[in-house]
Amino acid sequence: CFSFYPTKNLGALGDAGALTSNNQEYITKIKSLRNYGSIKKYHNDDLGYNSRLDEIQAAFLLCKLKILDEINSHKRNLAQLYFQGLNAEFIKPIVDNDFYDVYHIFNIRFHKRDELQRHLLKNNIKTEVHYPVPPHQQKAMKDIISGEYPLSEEIHKTTLSLPISFYHKEEEILRVIDVMNEYLK
């Protein structure tokens, strides 16, 4: 599965995604489900969805695919600014040299996350709390997962995604770093 959500490095103009498989049975089923459960027009064998990637989204993605390496490189450079400039009190992502991270998001953790987020917003810096509710506390999971998961809860209370996009300039990221480090003084 591939997500082409608009904020992804290879993002469409709207919601989009793709599935691949080398299993013909799966491909046939997926093609049916994406088109109202229909393989033959107007004959619905299954309860499906309207989840086709339209031509405009596909055309935009093809254009963006040509510069994907440039997008990834730029975001990796911005991430390095965060790694080098942010105070050690901010918990930064773990880097593993065996993996090539393209920094779809740059997520830090901080014990006073909400206070920090308000401070950044007062300075016209928008951030995002991705996934504020831990999976085990989601209503949809109440009959599937039970128990306490303190580490998960701690992560979800302290996580904050900082600005990082292809359109951000180095100066903007350096300003975010300055405002965050000033907050600690």
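Remember, predicted model here, so these are calculated numbers, not experimental data. This chain uses plain numbering: 1 for the first residue, then up along the sequence.
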Subject >> Rounded distance [0.5 Å steps], CG in Leu160 versus CD in Glu128 >> reply: 9.0 Å
Original post:
Looking only at atom types and distance, does a side-chain atom of Arg34 sit under 3.5 Å from a main-chain N or O of Arg52, one as donor and one as acceptor?
Top reply: no
Original post:
How are the rings of Phe110 and Tyr183 set to each other: parallel, tilted or perpendicular (split at 30° and 60°)?
Top reply: perpendicular
Original post:
Crowded around Ile56 CD1? As in, over 12 foreign heavy atoms under 6.0 Å?
Top reply: no
Original post:
Leu120 and Met180: side chain to side chain contact (heavy atoms under 4.5 Å, CB included), yes or no, with the steps?
Top reply: CA-CA 7 Å; Leu120 289 166; Met180 288 179 67; 3.6 Å; yes
Original post:
Does the Asn87 side chain pair with the main chain of Asn181, one donor and one acceptor, at a distance under 3.5 Å?
Top reply: no
Original post:
Can a donor-acceptor pair be found between the side chains of His136 and Glu148 at a distance below 3.5 Å?
Top reply: no
Original post:
Has the side chain of Tyr149 got a donor or acceptor atom that lies under 3.5 Å from a matching backbone atom of Ser146?
Top reply: yes
**OP:** Please indicate whether Phe83 has more than 12 foreign heavy atoms, meaning atoms of other residues, nucleotides or ligands, lying under 6.0 Å from its CZ.
**Re:** yes
Original post:
Looking at side-chain heavy atoms only, is the closest gap between Val179 and Val176 below 4.5 Å?
Top reply: no
Original post:
Do Phe2 and Leu19 come within less than 4.5 Å of each other through their side chains, counting heavy atoms only?
Top reply: no
Subject >> Minimum heavy-atom distance between Asn44 and Ser38, given as atom pair plus value >> reply: ND2-CB, 3.8 Å
**OP:** Keeping the roles fixed (side chain from His74, backbone from His168), state whether a donor-acceptor pair exists under 3.5 Å.
**Re:** yes
Original post:
Is there a chain of hydrophobic side chains (I, L, V, M, F, W, Y, each step under 4.5 Å between heavy atoms) that links Val129 to Ile91?
Top reply: no
Original post:
If Ile, Leu, Val, Met, Phe, Trp and Tyr residues are connected whenever their side-chain heavy atoms lie under 4.5 Å apart, and connections chain through other members, are Phe4 and Tyr49 in the same group?
Top reply: no
Original post:
Does Lys75 use its side chain to pair, donor to acceptor, with the backbone of His104 at less than 3.5 Å?
Top reply: yes
**OP:** Please report the C-alpha distance between Leu86 and Leu162 in whole Å, then the side-chain angles of each, then the deciding distance to 0.1 Å, and finally whether the side chain to side chain contact (heavy atoms under 4.5 Å, CB included) criterion is met.
**Re:** CA-CA 11 Å; Leu86 284 176; Leu162 303 180; 3.9 Å; yes
Subject >> Stepwise side chain to side chain contact (heavy atoms under 4.5 Å, CB included) test for Val95 and Asp101 >> reply: CA-CA 8 Å; Val95 175; Asp101 197 324; over 6 Å; no
Original post:
Would a distance-only check, ignoring hydrogens and angles, find a side-chain to backbone donor-acceptor pair under 3.5 Å from Asn123 to Ile125?
Top reply: no
Subject >> Lys64 and Ile71: CA distance, side-chain angles, deciding distance, side chain to side chain contact (heavy atoms under 4.5 Å, CB included) verdict >> reply: CA-CA 9 Å; Lys64 207 169 172 189; Ile71 292 169; 3.8 Å; yes
Subject >> Gap separating the NZ atom of Lys66 from the CG atom of Leu68, nearest 0.5 angstrom >> reply: 13.0 Å
Original post:
Does one hydrophobic cluster hold both Leu13 and Tyr5, with members joined at side-chain heavy-atom distances below 4.5 Å?
Top reply: no
Subject >> pair Ile145-Gln138: side-chain heavy atoms closer than 4.5 Å >> reply: no
Original post:
Would you say Thr159's side chain and Ile155's backbone share a donor-acceptor pair under 3.5 angstrom?
Top reply: no
**OP:** Using only heavy-atom distances, determine whether the side chains of Asn107 and Ser161 contain a donor-acceptor pair under 3.5 Å.
**Re:** yes
Original post:
Roughly how far, to the nearest 0.5 Å, is OH of Tyr82 from CD1 of Ile108?
Top reply: 9.5 Å
**OP:** Check whether any side-chain heavy atom of Phe166 sits under 4.5 Å from a side-chain heavy atom of Asn9, and report yes or no.
**Re:** no
**OP:** State, with a plain yes or no, whether a side-chain heavy atom of Lys29 is found less than 4.5 Å away from one of Asp46.
**Re:** yes
Subject >> Beyond-backbone contact of Lys157 with Asp114, side-chain heavy atoms, under 4.5 angstrom >> reply: no
Original post:
Measuring from Leu33:CG to Asn50:CG, what's the distance to the nearest 0.5 Å?
Top reply: 12.5 Å
Original post:
Any chance CD1 of Ile144 has more than 12 other-residue heavy atoms, nucleotides or ligands included, within less than 6.0 Å?
Top reply: yes
**OP:** State the CD-CG distance between Glu171 and Asp178, to the nearest 0.5 angstrom.
**Re:** 12.0 Å
Original post:
Can you tell me if CD on Glu170 sees more than 12 non-hydrogen neighbours from other groups inside 6.0 Å?
Top reply: no
Subject >> pair His156-Val133: side-chain heavy atoms closer than 4.5 Å >> reply: no
**OP:** Kindly say whether Lys169 contributes a backbone atom to a donor-acceptor pair with the side chain of Glu172 at under 3.5 angstrom?
**Re:** yes
Subject >> Donor-acceptor under 3.5 Å (Thr28 side chain, Gln24 main chain) >> reply: yes
Original post:
Do Cys1 and Thr20 have side chains that get closer than 4.5 Å, going by heavy atoms?
Top reply: no
Subject >> Mutual orientation of the aromatic rings belonging to Phe106 and Tyr103 [parallel < 30°, tilted 30-60°, perpendicular > 60°] >> reply: tilted
